[in-house]
Amino acid sequence: MEHEQKNIQLNSRGQLCHFLSLNGLDRKILTEILDTADSFIKVGERSVKSVPLLRGRTVTNLFFEPSTRTRTTFELAAKRLSADVLSLDISTSATSKGESLLDTLRNLEAMGSELFVVRHADSGAAHFIAEQVTPNVAVVNAGDGRHSHPTQAMLDMLTIRRHAGAFENLKVAIVGDILHSRVARSQITALNILGADEVRVIAPGTLLPSNLDAFDVKIYNQMSEGLKDVDVVIMLRLQRERMKGALIPSEREFYQTYGLTPQTLSYAKPNAIVMHPGPINRGVEIASSVADGPQSLILNQVSYGIAVRMAILSMCASGQTQSTGSQG
Ligand code: NCD
């Protein structure tokens with residue numbers, strides 16, 4: 001299934017040159033991303049947190065959808081690689097004056113931008129842009145519609161590897177609004193590629209996508225069964241802005257059935273780690289005492305996001321230069 005078509009994310013030497021989705025990538029590449037990110041975490045612990053890998057190169061953040069964590073951590077990642085960084089809030093710029101996306105892109109390329117980080121409400125947007133950019137320009141997907149959010153999934157994998165250990169020993173449960181979540185889709189794919197022992201989703205039927213059979217997951221409708229023996233609990237936000245109609249009776253009832261509280265967390269292994277991609281909704285999917293508690297790694301995820309994005313940006317930049325044989 002994964003190799004149906006030519007994977008434009010890999011150059012002729014099999015190196016990463018765009019990062020659009022986890023489909024078609026193998027365990028070796030994902031492990032290389034995690035190992036590279038580990039080395040950038042060490043850089044982040046120094047007083048001087050930058051390295052010259054992208055000196056003189058320009059990274060442009062193209063965000064067609066609002067974002068705080070993802071945009072700012074991409075910005076910091078690019079700055080720590082010593083790149084020049086442009087951040088465009090597209091909703092308030094050229095395209096609202098009638099300029100087409102491709103014309104905006106061509107102008108940014110003319111300014112010398114070689115890496116684009118794209119977030120868009122439409123599934124497939126980053127892939128479309130990657131097909132349009134000139135050779136040697138890399139595109140990184142920062143979230144497209146409900147489709148995929150591969151850098152978030154990789155920072156989640158880094159968090160898991162650093163705090164819960166080897167994937168093959170781990171049972172992981174993803175809880176909540178799976179239907180609207182690009183994060184859940186990318187996490188499931190990443191966990192399967194990395195060989196997790198078991199991937200579970202826990203949600204009411206109304207918040208499960210109909211095509212889940214295409215993913216290697218076990219489905220649960222109850223926290224007591226779904227969280228039993230799990231090592232990692234990943235909570236998701238109810239994505240109200242994407243919901244058409246009432247998919248849950250009320251937030252209160254959702255919290256009572258699917259909220260992560262000290263009581264529901266006790267169904268998981270005693271040392272299970274708790275994660276959430278953010279933004280968290282306290283008292284809707286997670287209790288404050290759990291979000292701020294000793295098992296929570298929610299803020300570690302944010303810090304690791306910088307290292308993972310540094311790894312992906314630098315690998316894509318190098319993959320683009322290597323494919324033409326020129327020096328980077
Ligand atoms: C997620 C997203 O935008 O898909 N957040 C993020 O990137 N940290 C999840 C969400 O919005 O709930």
Side-chain angles (χ1 to χ4, degrees), residues 19-22 37 61-78 87 89-91 117-127 140-160 172-191 201-204 207-209 232-244 247-248 251 254-255 258-260 274-286 290-291 296-313:
F19 193 61
L20 307 172
S21 137
L22 296 168
N61 283 319
L62 286 175
F63 278 64
F64 297 85
E65 227 190 31
S67 160
T68 322
R69 259 161 301 270
T70 306
R71 190 172 57 79
T72 45
T73 52
F74 261 113
E75 243 176 73
L76 265 180
S87 284
D89 182 355
I90 300 292
S91 53
V117 177
V118 180
R119 167 168 289 199
H120 202 288
D122 292 343
S123 299
H127 200 275
V140 176
N141 184 2
D144 63 327
R146 296 182 191 184
H147 175 241
S148 107
H149 194 351
T151 64
Q152 175 70 45
M154 289 313 293
L155 75 88
D156 297 329
M157 296 307 112
L158 187 67
T159 310
I160 293 174
V172 180
I174 306 171
V175 187
D177 186 357
I178 314 287
L179 178 64
H180 300 101
S181 179
R182 52 194 172 206
V183 174
R185 285 168 178 75
S186 289
Q187 287 167 336
I188 295 168
T189 309
L191 286 162
V201 295
I202 311 175
L207 293 181
L208 286 170
V232 180
V233 186
I234 302 177
M235 299 305 297
L236 298 172
R237 180 176 68 90
L238 284 178
Q239 301 203 8
R240 288 275 186 203
E241 73 280 14
R242 293 182 198 271
M243 286 187 196
K244 293 191 189 80
L247 296 177
I248 51 158
E251 282 184 356
F254 179 81
Y255 183 63
Y258 294 101
L260 194 65
V274 173
M275 295 165 53
H276 192 310
I280 62 171
N281 287 173
R282 294 168 186 267
V284 179
E285 73 271 354
I286 190 164
V290 174
S296 168
L297 293 171
I298 297 172
L299 292 177
N300 301 60
Q301 288 173 264
V302 178
S303 316
Y304 297 154
I306 303 168
V308 159
R309 288 168 175 137
M310 286 172 81
I312 291 163
L313 287 172

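Both counts, for ligands and for their atoms, begin at 1 and track the order of listing. Treat the numbers as computed from the prediction; the structure is a model and nothing was measured.
In this structure, R119 forms no cation-pi arrangement with F63, as its terminal cationic atom is not both closer than 6.0 Å to the ring centre and no more than 45° off the ring axis.
Smallest separation of non-hydrogen atoms from E285 and P279: OE2-O, 4.2 Å. For the residue pair P209 and L179, the shortest heavy atom distance occurs at CA-CD1, 3.7 Å.
Among residues two or more places apart in sequence or in another chain, the salt bridge (charged side-chain N to carboxylate O under 4.0 Å, His left out) test is passed with R146 by none. Taking R282 as the reference, D292 meet the salt bridge (charged side-chain N to carboxylate O under 4.0 Å, His left out) condition, with sequence neighbours excluded. Under the rule for a ring pair (Phe, Tyr, Trp, His ring centres under 6.0 Å), the partners of H120 that lie at least two apart in sequence or sit in another chain are F64.
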Between ligand 1 and the protein, tabulate every N or O atom pair separated by less than 3.5 Å, reporting distance only.
unit_1   : atom_1 : unit_2 : atom_2 : d
ligand 1 : 3 (O)  : R119   : NH1    : 3.3
ligand 1 : 3 (O)  : R119   : NH2    : 3.3
ligand 1 : 3 (O)  : R182   : NH2    : 2.9
ligand 1 : 4 (O)  : R182   : NE     : 2.8
ligand 1 : 4 (O)  : R182   : NH2    : 3.4
ligand 1 : 5 (N)  : G278   : O      : 3.0
ligand 1 : 7 (O)  : T70    : OG1    : 3.1
ligand 1 : 7 (O)  : R119   : NH2    : 3.2
ligand 1 : 7 (O)  : H149   : NE2    : 2.8
ligand 1 : 8 (N)  : Q152   : OE1    : 3.4
ligand 1 : 8 (N)  : P277   : O      : 3.0
ligand 1 : 8 (N)  : G278   : O      : 3.3
ligand 1 : 11 (O) : R237   : NH2    : 2.9
ligand 1 : 12 (O) : R237   : NE     : 2.7
ligand 1 : 12 (O) : R237   : NH2    : 3.2
ligand 1 : 12 (O) : Q239   : NE2    : 3.4

